[in-house]
Amino acid sequence: MTKSGGKGKKGEYQRLTFRCALVWRLTRHRSAASLPTSLDGRMALLTRAKASSSRAATLLIQSDSDSENYSSASSDFDDEQGGGDYSEEEEEEEEEGVSGLGASEVREEPPKTTNKGPPPINISLKKVCKVCKGTGHEAGFRGATYIDCPKKPCFLCKMPGHTTMFCPHRVAMEHGVVPAPRRNTGTSLDYVFQRQIKPNIPMIKPAFVIPNQLSCGIIRFHSRQVTCLEFHPTKSGVILSGDKKGQVGIWDYSKLHEKTVYKSIHSSIVNNIRFSSSNDGTVYASSSDGTVSCTDLETGEPFFLLNLLSNGWNGRALWPMLYGMDINQEKGLVLVADNFGRLYFLDVRSKTKAGGPFLIHRKGTKILGLHCNPVEPGLLLSCGNDHFARIWDIRHLEAGSSLYNLDHGCVVNSAYFSPRTGSKILTTSIDNRIRVWDSIFTNMETPSREIVHSHDFNFHLTPFRAEWDPKDHSESLAVIGRYISENYNGVALHPIDFIDTTSGKLVAEVIEPDITTISPVNKLHPQDDVLATGSWRSLFIWRPKEDAECMQEQLGRKSKEFIIGMGDKKSSGKDCIDSDDDSDFGSKGKKSKAKKYGKSDGCGKSKKSKGAC
DNA sequence: ATGCGATGGTTCC
DNA sequence: TGGAACCCCTCGCA
């Protein structure tokens with residue numbers, strides 16, 4: 001029952017709590033040789049019901065085999081561990097068995113009487129699965145391992161017949177890829193691709209460089225979840241971050257303690273941050289408050305290029321929010337899209353609206369991502385809630401004039417052209433699939449590959465986005481956080497996955513025993529071997545092991561350093577500096593949870609996970 | 001220790 | 001088409 005409290009409705013929770021309490025009391029009662037003298041109200045009621053006349057309220061208690069484990073050696077989760085073969089019949093049998101065993105001891109038949117008394121109170125002691133509400137099994141964490149509800153489709157690949165634990169696509173080396181039927185179209189576009197584009201892609205794939213060593217972090221920098229990250233284009237070591245509350249943070253991780261938070265630029269979710277190559281002293285941001293800001297990094301003074309709420313608030317249904325944004329450097333345009341399927345052009349120089357709105361997605365649906373092609377500035381890629389990623393020629397924008405419509409059958413969180421040739425496309429959708437199109441010059445009807453990867457939508461989390469590694473010349477490496485947890489020596493951790501999109505192979509899973517939160521926001525530095533991660537309200541910087549060790553020597557610091565920003569929480573006023581002490585860091589996070597996991601799993605403690613046990 | 005809240009997409013009516 | 005109910009691995013604060 002470790003996780004039962006968080007989600008259910010209040011009434012349901014109380015019911016469950018009540019059941020637990022009763023099970024516990026009954027357990028105590030049975031383990032004792034005789035009836036305790038101090039029974040609580042409910043047990044007293046039961047006793048009264050046993051002995052009493054017809055007037056008393058009747059208590060019906062149904063038990064379950066599982067709650068009998070104090071009297072038999074049965075194991076709670078053996079059935080569920082077996083995967084999807086858990087049938088109705090088995091469950092019924094189990095229940096019958098239970099009533100045979102348990103009812104004689106705890107079930108009270110209603111007294112046979114003709115008097116009309118109060119209606120019987122029926123209390124069930126059966127296990128109730130919080131996922132399917134069925135009885136006889138439970139879903140949830142057992143230690144650091146999550147046990148699925150056997151009656152639901154696989155949480156990972158969404159197919160029925162097995163649980164996540166036995167999913168053939170379970171993220172692991174050599175698993176997780178579903179190659180789409182390969183087409184050999186042989187069109188003239190294929191010829192153009194082979195001739196003009198492919199020579200730019202090296203045939204020999206270089207070894208991937210994975211920044212897998214946690215270098216430094218800033219704990220609780222933001223007051224709400226981090227939603228986006230962007231490296232400063234010229235100042236190495238500076239990263240900007242946006243959060244759900246509208247704050248924009250600037251952090252110089254090379255100096256560790258230099259950080260600034262601008263709190264008054266936006267009043268709602270910062271969805272995208274971008275730099276213009278013409279002026280690296282200002283930064284553009286799109287927000288759910290309906291504005292696009294251009295902010296001076298030194299002063300924090302914003303100028304609003306677009307304000308869709310300038311006419312005031314007209315209710316939630318008409319609230320325009322700006323999501324996808326990108327900058328077309330060549331044309332000097334900021335492209336931004338809203339939650340009604342419309343695209344706007346903003347001129348960087350004149351700082352005014354230069355075009356739009358153009359309806360480019362289904363009316364009334366959110367456009368979540370925009371990306372300009374790095375090679376062909378006229379090409380635009382958009383994606384959104386209407387289940388499509390679409391490719392456009394921005395010179396001919398009309399509804400229905402898209403060059404390609406890539407159907408995903410579900411919400412598409414992000415879509416990116418490949419960073420060097422712009423000829424590949426990588427999309428992330430909420431059906432736990434990463435899709436790759438190898439060439440925009442060939443048949444685009446079906447993706448070249450679908451990679452099954454856990455990144456479910458959860459409204460508490462920033463949507464996951466798979467992003468290309470901008471330094472990978474072969475345009476095959478992508479990074480994305482993982483939603484589903486894995487049991488690492490007794491601690492449930494959510495890795496950051498590096499995936500080779502040409503094979504679907506998991507190249508690396510980056511973890512740190514102290515970071516138990518999910519990391520949906522990840523950004524790879526365009527030049528340096530640095531990975532930045534936004535995990536809940538904190539930021540982390542990862543480097544390859546050698547780099548981290550080198551820095552350690554040069555700066556005389558320990559391998560991991562953290563500072564603590566407190567968001568907008570009331571604090572002592574000064575930031576607490578917490579360098580060189582990861583155990584203390586652990587205590588800020590979910591140390592207690594890690595401890596619990598470690599205990600229940602026997603804790604095969606790793607050399608790193610001292611905080612875990 | 002534990003309840004609670006923030007809150008988006010989908011499905012059902 | 002619109003509104004309401006529902007929802008599986010959150011997270012941290014009160």
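Residue numbers start from 1 in every chain, and the chains themselves are labelled A, B, ... in the order their sequence lines are given, proteins ahead of strands. These numbers were taken from a predicted model, which means no experiment stands behind them.
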Margin query: Just checking H455(A) against Y483(A), ring centres under 6.0 Å apart?
Written below: no
Margin query: What contact category does P153(A) fall into here, base, sugar-phosphate, or nothing, at under 4.0 angstrom with non-hydrogen atoms?
Written below: base
Item checked: NZ/NE/NH1/NH2 to OD/OE distance under 4.0 Å, R224(A) and D243(A) -> no
Check: Would a line drawn from the ring center of W437(A) to the ring center of H408(A) be shorter than 6.0 Å?
Finding: yes
Note to self: Any side-chain to backbone donor/acceptor pair from D289(A) onto S267(A)? Under 3.5 Å, distance only.
What the structure shows: yes
Check: Does some side-chain heavy atom of S241(A) sit less than 4.5 Å from a side-chain heavy atom of V248(A)?
Finding: no
Item checked: Interatomic distance where CG belongs to D243(A) and P belongs to dC11(C) [whole Å] -> 16 Å
Notebook entry, point to check: Quick one: L461(A) CG to dA6(B) C1', roughly how many Å, whole number?
Noted result: 12 Å
Margin query: Tell me whether K158(A) is salt-bridged to D456(A), with the criterion being a basic N under 4.0 Å from an acidic carboxylate O.
Written below: yes
Check: Between atom NZ in K158(A) and atom P in dC7(C), what is the gap in whole Å?
Finding: 14 Å
Item checked: Y323(A) versus N272(A), side-chain donor and acceptor atoms under 3.5 Å -> no
Check: To the nearest angstrom, how far is I484(A) atom CD1 from dT10(C) atom P?
Finding: 11 Å
Note to self: Could you tell me how far apart F459(A) (CZ) and dC11(C) (C1') are, to the nearest whole angstrom?
What the structure shows: 13 Å
Check: Counting side-chain heavy atoms from CB outward, which of dC8(C), dC13(C), dA6(B) is closest to R220(A)?
Finding: dC13(C)
Notebook entry, point to check: So which nucleotide from dG8(B), dT7(B), dG12(C) ends up closest to the side chain of I269(A)?
Noted result: dG8(B)
Notebook entry, point to check: Is the phosphate of dG12(C), meaning OP1 or OP2, less than 4.0 Å from a side-chain N or O of R224(A)?
Noted result: no
Check: Does R362(A) put a side-chain nitrogen or oxygen below 4.0 Å from OP1 or OP2 of dT1(C)?
Finding: no
Please list, pair by pair, any protein nitrogen or oxygen found under 3.5 Å from a nitrogen or oxygen in nucleotides 9-13 of chain B.
{"unit_1": "dG9(B)", "atom_1": "OP1", "unit_2": "K366(A)", "atom_2": "NZ", "d": "3.2"}
{"unit_1": "dG9(B)", "atom_1": "OP1", "unit_2": "N385(A)", "atom_2": "ND2", "d": "3.4"}
{"unit_1": "dG9(B)", "atom_1": "OP2", "unit_2": "K366(A)", "atom_2": "NZ", "d": "3.0"}

Notebook entry, point to check: Roughly, in whole Å, what's the span from CG in D386(A) to P in dG8(B)?
Noted result: 19 Å
Item checked: Whole angstrom value for the distance that separates P of dG8(B) from CZ of F464(A) -> 16 Å
Check: Could you give the NE2-to-C1' distance, from H455(A) to dC8(C), as a whole number of Å?
Finding: 16 Å
